[in-house]
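Below: one structure, written as structure tokens.
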Amino acid sequence: MEYTAILVEREDAENIATITVNRPDKLNALNSTVLRELGAAFDELKADETVRAIIMTGAGQKAFIAGADIAELNAIPDPIHGAYHAHLGQELCFKIERLRQPVIMAINGYALGGGLELAMAGDIRIAAETARLGQPEINLGIIPGFGGTQRLPRLIGKGLAKLMIYTGDQVTAQEGLRIGLVDRVVPLALLNEEARKVAINLAKKAPLALAAAKAAINQGLEVDIDRGCDLEAAQFGLLFSTSDKVEGTKAFLEKRQANFTGH
Ligand code: COA
């Protein structure tokens, strides 16, 4: 598929790919085209067995994604279309969350509204020191609609999530690190390198085991611990059908590096 508002780059030698939202003049705001193209790009990469880890970032030095496109929000005529718009963003977040590959969010600047909601659907968030994160929808007379009211309290707790959503205030990358909203903070100049380093490291791991860990953690958090441990045992057991389990254990015993194929 030809993309007009995003870039999709594969690094075949490293088995990684990078998706860049490419509307820097609008701080990479999410219009319907971006949302649809992102959905198509994640589908395309999901189907590509050579891609084992994905980085998502924003073009330019200023913004990861400054939220849903406010001009589009302004033009939504009625509640039905408002709900459609929320579903479009929510489905994209679920797609990222349920992707078999890990998704590293390289937050290179503003991650606001839908930008923070997409970032929270990813697996690992690495932020530039200059990044600012927030859910400012309240200042537009609305609330987060791409899952923010659900994922933010799950990540940072109910009280802090309410504080961020009720006030619309932004937090710095360092504050984000302290409250668990981001996982690592680096200088902006080192962000791409750091995200690539993490992606390349993950791309060397057994892909089916990574997918199993992702599913067990994400699904397990939504159920009680007994059910969560059942999910874990089922995923653990499934991996005993894979060649990579044979290779991983054999390589350890032979004191050599494992070569995982994803089978
Ligand atoms: N939707 C549509 N356009 C947006 C946008 C958004 N979410 N965020 C930024 N833009 C556009 C601006 O309208 C401006 O376009 P223009 O040059 O054609 O006027 C351009 O991006 C640059 O933004 P600007 O506001 O001039 O940059 P700034 O450095 O002064 O401020 C922000 C940066 C992020 C603080 C400010 O752009 C902002 O508050 N954006 C909206 C954030 C938001 O509410 N997001 C949640 C939406 S639900």
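Counting starts at 1 for both ligands and their atoms, in listed order.
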Show the short N or O contacts, below 3.5 Å, that ligand 1 makes with protein N or O atoms; if there are none, say 'none'.
unit_1   : atom_1 : unit_2 : atom_2 : d
ligand 1 : 1 (N)  : Ala68  : O      : 3.4
ligand 1 : 1 (N)  : Ile70  : N      : 2.9
ligand 1 : 7 (N)  : Ala66  : O      : 3.0
ligand 1 : 7 (N)  : Ala68  : O      : 2.9
ligand 1 : 15 (O) : Lys26  : NZ     : 3.4
ligand 1 : 18 (O) : Lys26  : NZ     : 2.5
ligand 1 : 21 (O) : Asp25  : O      : 3.4
ligand 1 : 29 (O) : Lys62  : NZ     : 2.6
ligand 1 : 45 (N) : Ala66  : O      : 3.0

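Salt-bridge check for Arg256 with Glu247: passed, with a basic side-chain N closer than 4.0 Å to an acidic carboxylate O. Salt-bridge formation is detected for the pair Lys197/Glu194: a Lys NZ or Arg NE/NH1/NH2 atom is positioned less than 4.0 Å from an Asp or Glu carboxylate oxygen. Comment: Lys46 does not engage Asp43 in a salt bridge, judged by the lack of any side-chain N to carboxylate O separation of less than 4.0 angstrom. The pair Lys204-Glu14 fails the salt-bridge criterion, with no side-chain N (NZ, NE, NH1 or NH2) lying under 4.0 Å from an Asp/Glu carboxylate O.
Stacking of Arg151 on the aromatic ring of Phe94 is recorded, both the 6.0 Å distance cut-off and the 45° axial limit being met.
Annotation: Gln257, atom CD; neighbour count of heavy atoms from other residues, nucleotides and ligands within 6.0 Å does not exceed 12.
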